S.K.: 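Would you mind keeping the following structure in view while I ask a few things?
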Amino acid sequence: SRKCRTPVLKLIMDQVLSVAQLVNLLNSVLSDIGILRVEGEVSSLKFSKNNAVFLDLKDAKENALLKLSNYAPKVEGLKEITEGMKVIVDGYFEMYAPYGQLNFKPTRIQPQGEGALKSAFEQLKSKLEEEGLFAVERKRPLPKFITHIALITGKESAAYTDFTKILAENLAGFQVDFYPVLVQGENSAYEVAAALEKIGRTDAEVVALVRGGGSLEDLKSFNSEIVAKAIFNSRIPVVVGVGHEVDMTISCYVSDLRASTPSQAAYYLVQQNSSFLDTLHTNMVLNAEIIQRSIQDQKTFINKFTNLDWILRKSIPSSNEIEQRERLFISNFNGIRLEIEKWNSYINNFSSNHNALARKINNTSALISGISGVLTAYDPTHTLDRGYSLIKYKDQYISTTDKLKIGEKITIKMKKGEILSKIENITNN
């Protein structure tokens, strides 16, 4: 009699099963096994018209062959492999009832060995380039002024130390949110992609993705399609500093800004803010020169206007000219004031606890305060503050009595209000 190790199978073996029942039983047993990993060399790779993939995996040392098939879009890494490549395949067994055939259905294929990884790198690079992931015109610029960074790297890694050290040495004052991930290994790519997706729901302004150098095997996660697509789909600009000077990963190509090392990535972010403040200070100096020229023009005009001899000898400019000068000056003043408020709003977002940048900000603020004081002192309306008044006759400001007649009306403009007056006497001296 036949022997069976388990009572359940013994009970089944004592029965007569239909073909369908036997197939279902085998699939039930196979599903309990779960995902298996197998290593071998791809000896055949074919695609059908309905987008199915068929490949043969042979043992490099033994006379053994395993046939694999699945729906191609369900197989991760499929476009990175070619015939003759050594790979590791994750998959599961399934009995296909219509053909009575046992299939190994792959879900993930990873190239192995330096040559295979290099070939996979070039294939994926070409594919993503054709899809537009590396296009310069789609890269997002960094914010003009950065306050909040999301950092993705390995916990207690050298990359983390190098990056944060540069920020500290330059008194950058960034808010840094740390997202620790595995930077190599089986789940690394998934952790990096998940971190990028999570950061997209925060108010971070820049993502810094960094890790140290290594072999193609070590950097495999950063040469994966899942990480490349996660960087591409990020709504926040991504700075990638992976490896050493000569290392170029797929992540570097798709990033918005590539840094040669983790330290260089930190330098770029520090320099972004430093350049902003330099530009701010330069603009304030230029604005100061514009204001000073405007003040000098107004001062010259006021001096002429308040000179008694000049008033007696020359006709006062028309009301339209005076009002035009006032409007121009006020427009210049308001425009510069709005510009100052805009720049100050950037400054107020920055921490004032960092001495190096704080000195530059204080110098700019002092310059702004000085300019505002001078503007106030030379406001043309202050002429009337000193007790002067303007006389208007028939909608024209006048400086002589030549055209006036007794009984006619004139308007006297003062600091506050106007007086309508009737001429009772005229004296020409």
Side-chain angles (χ1 to χ4, degrees), residues 2-6 9 19 22-127 182-191 214-228 249-250:
R2 294 174 298 172
K3 295 183 179 180
C4 182
R5 295 182 179 180
T6 64
L9 288 179
V19 173
L22 179 59
V23 169
N24 291 336
L25 173 62
L26 289 174
N27 280 331
S28 176
V29 173
L30 292 172
S31 66
D32 288 340
I33 298 175
I35 297 294
L36 298 172
R37 307 194 78 195
V38 57
E39 182 180 56
E41 180 182 309
V42 178
S43 60
S44 175
L45 178 62
K46 297 178 181 179
F47 294 89
S48 69
K49 293 181 180 180
N50 60 358
N51 217 11
V53 59
F54 302 90
L55 63 154
D56 294 343
L57 200 65
K58 71 176 184 179
D59 194 300
K61 299 179 179 179
E62 302 290 338
N63 186 20
L65 185 72
L66 181 65
K67 291 186 175 296
L68 302 86
S69 64
N70 203 350
Y71 182 54
K74 292 185 177 180
V75 185
E76 180 187 337
L78 187 58
K79 294 185 178 181
E80 301 174 22
I81 66 169
T82 58
E83 290 186 3
M85 186 178 289
K86 184 179 179 182
V87 297
I88 291 180
V89 181
D90 296 356
Y92 59 94
F93 277 106
E94 180 183 80
M95 175 66 76
Y96 186 56
Y99 293 165
Q101 181 175 325
L102 183 65
N103 293 326
F104 188 77
K105 303 182 78 65
T107 57
R108 183 185 184 192
I109 303 179
Q110 297 175 278
Q112 296 297 303
E114 197 74 11
L117 290 172
K118 181 64 176 177
S119 175
F121 173 89
E122 294 299 336
Q123 289 187 57
L124 181 60
K125 178 172 174 283
S126 297
K127 171 180 177 289
L182 292 174
V183 292
Q184 65 185 72
E186 182 178 351
N187 295 318
S188 172
Y190 295 99
E191 289 195 11
S215 64
L216 275 175
E217 179 68 30
D218 295 333
L219 300 176
K220 189 161 59 175
S221 297
F222 297 90
N223 286 322
S224 66
E225 185 171 1
I226 184 174
V227 171
T249 64
I250 297 294

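Every value quoted in this text rests on a predicted model; they were computed, and no experiment measured them.
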S.K.: Mind checking the CG-CE spacing from L45 to M85? Nearest 0.5 Å is all I need.
M.R.: 10.0 Å
S.K.: Hey, are the side chains of K74 and K105 touching, using non-hydrogen atoms and a 4.5 Å cut-off?
M.R.: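 No, every pair of side-chain atoms sits at 4.5 Å or beyond.
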S.K.: With a 4.5 Å limit on heavy-atom distance, are the side chains of N223 and L124 in contact?
M.R.: no
S.K.: For A120, what residues pass the side chain to side chain contact (heavy atoms under 4.5 Å, CB included) criterion, not counting sequence neighbours?
M.R.: E80, P111
S.K.: In the structure I gave you, are the side-chain heavy atoms of Q112 and E217 within less than 4.5 Å of one another anywhere?
M.R.: yes
S.K.: Does L102 reach the side chain of L30, with side-chain heavy atoms less than 4.5 Å apart?
M.R.: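 Touching, per the 4.5 Å side-chain cut-off.
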S.K.: If the condition is side-chain hydrogen bond (donor to acceptor under 3.5 Å, both in side chains), which residues does S221 pass it with, not counting sequence neighbours?
M.R.: S188
S.K.: Please assess T107 against E76 for the test side chain to side chain contact (heavy atoms under 4.5 Å, CB included), listing each intermediate value before the final yes or no.
M.R.: CA-CA 6 Å; T107 57; E76 180 187 337; over 6 Å; no
S.K.: Looking at every non-hydrogen atom in both residues, tell me the closest pair between G214 and L219 and how far apart they are.
M.R.: O-CD1, 3.7 Å
S.K.: Going by the rule side-chain hydrogen bond (donor to acceptor under 3.5 Å, both in side chains), which residues pair with Q101 if we only count those two or more places apart in sequence or in a different chain?
M.R.: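 Scan of Q101 (side-chain hydrogen bond (donor to acceptor under 3.5 Å, both in side chains), adjacent residues dropped) gives N103.
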S.K.: Over all heavy atoms of both residues, which pair between A228 and I250 is shortest? Give the atoms and the distance, please.
M.R.: CB-CG2, 3.7 Å
S.K.: Going by the rule side-chain hydrogen bond (donor to acceptor under 3.5 Å, both in side chains), which residues pair with K118 if we only count those two or more places apart in sequence or in a different chain?
M.R.: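 Result, side-chain hydrogen bond (donor to acceptor under 3.5 Å, both in side chains) vs K118: E122.
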S.K.: I would like to know whether L78 and F47 meet side chain to side chain contact (heavy atoms under 4.5 Å, CB included); could you show each step before the answer?
M.R.: CA-CA 11 Å; L78 187 58; F47 294 89; 3.5 Å; yes
S.K.: Can you list everything that forms a side chain to side chain contact (heavy atoms under 4.5 Å, CB included) with D218? Sequence neighbours excluded, please.
M.R.: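 Testing D218 for side chain to side chain contact (heavy atoms under 4.5 Å, CB included), a comparison that skips the adjacent residues, returns Q184, R211, S215.
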S.K.: Suppose we screen for side-chain hydrogen bond (donor to acceptor under 3.5 Å, both in side chains). Which residues come up paired with S69, at least two apart in sequence or across chains?
M.R.: none
S.K.: Return the set of residues passing side chain to side chain contact (heavy atoms under 4.5 Å, CB included) with N50 (not counting sequence neighbours), or none when no residue passes.
M.R.: S48, A52
S.K.: Output the distance between atom CD1 (I226) and atom OH (Y190), rounded to the nearest 0.5 Å.
M.R.: 5.5 Å
S.K.: Rounded to the nearest 0.5 Å, how far apart are CG of L68 and CD1 of I109?
M.R.: 7.0 Å
S.K.: Tell me which donor-acceptor pairs under 3.5 Å the side chains of residues 86-94 have, and how far apart each pair is, sequence neighbours excluded?
M.R.:
unit_1 : atom_1 : unit_2 : atom_2 : d
D90    : OD1    : R37    : NE     : 2.7

S.K.: I need the minimum non-hydrogen distance between T82 and S119, along with the two atoms involved.
M.R.: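 Heavy atoms of T82 and S119 come nearest at OG1-OG, 4.3 Å.
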S.K.: Would you sort out whether V42 and L57 count as a side chain to side chain contact (heavy atoms under 4.5 Å, CB included), showing the intermediate values?
M.R.: CA-CA 5 Å; V42 178; L57 200 65; 4.2 Å; yes
S.K.: Take V183 and F222, measure what side chain to side chain contact (heavy atoms under 4.5 Å, CB included) needs, and give me the verdict at the end.
M.R.: CA-CA 8 Å; V183 292; F222 297 90; 4.2 Å; yes
S.K.: Under the salt bridge (charged side-chain N to carboxylate O under 4.0 Å, His left out) rule, collect the residues that match up with D56, sequence neighbours excluded.
M.R.: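 With sequence neighbours excluded, D56 shows a salt bridge (charged side-chain N to carboxylate O under 4.0 Å, His left out) to K67, given in chain and number order.
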S.K.: Report the distance from atom CG of N70 to atom CG of N51, rounding to the nearest 0.5 Å.
M.R.: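 Between atom CG of N70 and atom CG of N51 there are 11.0 Å.
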S.K.: Checking K127 now: which residues fulfil salt bridge (charged side-chain N to carboxylate O under 4.0 Å, His left out) with it, not counting sequence neighbours?
M.R.: E131, E225
S.K.: Using the test side chain to side chain contact (heavy atoms under 4.5 Å, CB included), find all partners of S126 that sit at least two apart in sequence or belong to another chain.
M.R.: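 Checked S126 against side chain to side chain contact (heavy atoms under 4.5 Å, CB included); zero matches.
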